[in-house]
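Worksheet: the structure to be examined is printed underneath.
Letters A, B, ... are given to chains in the order of the sequence lines, protein chains preceding strands, and every chain is numbered from 1. Since the model is a prediction, treat every value here as computed from it, not as a measurement.
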Protein chains: 2
Amino acid sequence: MTAKLRDVAEHAGVSVRTVSNVVNGFAHVAPATRQRVQASIDALGYRPNLAARTLRRGRTGLLALVVPEVDSPYFADLAARTVRAAQARGLTVLVEQTDGDADREKRLLHGDRAHLVDGVLFSPWATTPADLAARTDTTPLVLLGEHDGTPGVDHVAIDNVAAAREATAHLLAAGRTRVAAVGVQPHSRNATARQRLTGYRAALTAAGLPTDPALEVPVHRLHRADGHQAMHTLLDSPDPPDAVFCFTDELALGALRAAGERGVPVPTALALVGFDDIEDGRYSTPALTTVSPDKDRIADLALDHLAHQASTPGPPRSTTAPHRLLVRETT
Amino acid sequence: MTAKLRDVAEHAGVSVRTVSNVVNGFAHVAPATRQRVQASIDALGYRPNLAARTLRRGRTGLLALVVPEVDSPYFADLAARTVRAAQARGLTVLVEQTDGDADREKRLLHGDRAHLVDGVLFSPWATTPADLAARTDTTPLVLLGEHDGTPGVDHVAIDNVAAAREATAHLLAAGRTRVAAVGVQPHSRNATARQRLTGYRAALTAAGLPTDPALEVPVHRLHRADGHQAMHTLLDSPDPPDAVFCFTDELALGALRAAGERGVPVPTALALVGFDDIEDGRYSTPALTTVSPDKDRIADLALDHLAHQASTPGPPRSTTAPHRLLVRETT
DNA sequence: CACGTTGCATGCCACGTTGCAAACTGGGGT
DNA sequence: ACCCCAGTTTGCAACGTGGCATGCAACGTG
């Protein structure tokens, strides 16, 4: 058993309470006492028992960040930034991975980690507005990423519709006429994909072009392999596109690889835009044009929301983080 | 305040202890009682207070995974696999990020999270054997990745020297004669880089080739930007290499991009081998030849070690996970 | 019918910490 | 000599849970 407050108190010849005061840096402790207690702490290698402290204080200093997958570059990046932002506020982040599993999401949403974390940053994949409405757990919650019809839940996201519209418009402005969209998720509740599709269509419509179902390619997940396969499918079609808007950079990188395999030169014969601004896209050949969400801002805003919920009860708030189009070599 | 055991007990008209028995699935509870209590639990939305439970039980079910950076693809991948492996064992992983900061590593090593986690999986960057020797915290610890001179600490890694030798030998076997190594870390304590350098040199020596300091390129970190810059430096040199062994895939992808910028065809004029087998390398053009460590095995072995430490006291153990060379298009 | 057994339910306590309020100390003013 | 006050230190209680030991009732057995 490791040393506890009482052991330190006995060793230093003071009360338990005084040791606690020293540990917590309270003001009114005589310098001599403080020094003596500190010496005992060091001698015994005392470490506060965080479980006991939490039980007493009612707060843990822990946040959960719930994402579909930690190894997807976008979420890895977001996680890293969130961890850093939280560190700056003296908080620790518990990264939780759902693998897009609806049950696991539901369990986490409904308080599987209740009392273990002070707040939850939730990046939903399969969660529906109904799931959210049915939530009874009182742990502060902030939704990351788009989710339509959010009922009474705090929420931070970029404007996906606008971003997708800009990306598509960028392709159209370069004179492309057959612009495909890769990343449609027909059987998924995922709202992000739906919103990006909306923006894509809006851009086409604004340019006076028809939407063509053959150019809206569904995928299972949003990974490189899916983009790779989707691009091969598109290139196999009788009337292949001259530009592709991919809903994630990973899809785009898979598509880029597929174009290379088929000898289709990018960006001349085929222009490509991704979404997320992951680092791989900066070093691919050619480098990927992409929509860059301000991830630092997203992380920071999300933490703001949590802090605000903890201190000030009030109606749920929604915040939009900025994004911008980074034009690189694929367009 | 959310419901606690006592509230449920009053609601169901039973004792606190009986509710606890129901919550924990104890055997001797009458079906009728169990049902009634369960109904009260649902009605009140009771969630066990994990802090109190931890305090009482002495275990948290949490593990810490300490890595330099979550957003580096290798560590993101490892983290994802570790989280899944832990989930399968009913454990939760707390991902901790040090940014390679020696102080933060030291603090975590010395029990900053004591009592909050049952064990620590530690992937050191700046930690020295002396730091490890000075450790007083008693939380079970497993070192991930190579670390030389580990004194009395459990340890899981691949054979970096052998892997680096194989990678280099592969380049030499293809007839390359000027093989550079990118990823040397002269001012760092990092043991992994050192071991890969050792393997690289061993392969050269075994092939009867001299080691050339001009071909051993130091880098600051192991990212794409570093590999990119290192490759440009190499190509600027009077006698550029015809092959490069990069100590990580990220370095290799940066180098690949640089080669492309300079119009150096890969693999004809320049062969390239990376290390880590991250997903980007499978979809780059050309696809990256790399050393693939068995990350699932690493995660699993590490958890085995922790479980073993918790149950059976004994001398520290070292385990080596397998790796293999994946030959793709850059060689 | 008494007794042991089994199945079920309960009370008490401690896990290690901190909030609260009270208690002590010594120095300076009256 | 007394009191007061600011500066220190302390004891007590409680946070919510689970281990332990035991109470209690009903049942089956000799």
Mark up nucleotides 17-26 of chain D, 5' to 3', with B wherever a protein heavy atom is under 4.0 angstrom from a base atom, S wherever such an atom reaches only the sugar-phosphate, and - elsewhere. BBBB------

CG on B/D300 to OG1 on B/T319, rounded to 0.5 Å: 11.5 Å

B/T18 side chain near C/dA9 phosphate (N/O to OP1/OP2, under 4.0 Å): no

Give a yes/no answer on whether the side chain of B/T33 brings an N or O atom under 4.0 Å of OP1 or OP2 in C/dA9. yes

Are B/K106 and B/D131 within salt-bridge range, i.e. N to O under 4.0 Å? yes

Is there a donor-acceptor pair under 3.5 Å between the side chain of B/H308 and the backbone N or O of B/P313? no

Rounded to whole Å, NE2 of A/H115 lies from P of D/dG16 at a distance of 8 Å

Could you tell me if A/R104 sits above the aromatic ring of A/W125, with its cationic atom closer than 6.0 Å to the ring centre and no more than 45 degrees from the axis? no

D/dG30 - base-pair partner by Watson-Crick or wobble geometry, distances under 3.5 Å: C/dC1

How many Å lie between CZ on A/R36 and P on D/dT9, as a whole number? 8 Å

May I ask you to decide whether B/R221 forms a salt bridge with B/D99, counting only side-chain N to carboxylate O separations under 4.0 Å? no

Any Lys/Arg nitrogen of B/D137 or B/R107 sitting under 4.0 Å from an Asp/Glu carboxylate oxygen of the other? no

Using purine N1 to pyrimidine N3 plus N6-O4 or O6-N4 for Watson-Crick, or N1-O2 and O6-N3 for G-U wobble, each under 3.5 Å, what pairs with D/dG11? C/dC20

Backbone N or O of A/P140 within a donor-acceptor pair of the A/Q309 side chain at under 3.5 Å? no

Could you tell me the separation between the CD atom of B/Q35 and the C1' atom of C/dC8, rounded to a whole number of Å? 17 Å

Could you write out each protein N or O paired with an N or O of nucleotides 4-7 of chain D at a distance under 3.5 Å?
none

Which whole-number value in Å describes the distance from A/R34 CZ to D/dT8 C1'? 11 Å

Check whether more than 12 heavy atoms from other residues, nucleotides or ligands sit under 6.0 Å from atom CZ of B/R297, and answer yes or no. no

The residue among A/L132, A/L121, A/L306 that forms side chain to side chain contact (heavy atoms under 4.5 Å, CB included) with A/L141 is A/L132

Any A/T54 side-chain N or O less than 4.0 Å from OP1/OP2 of C/dT17: no

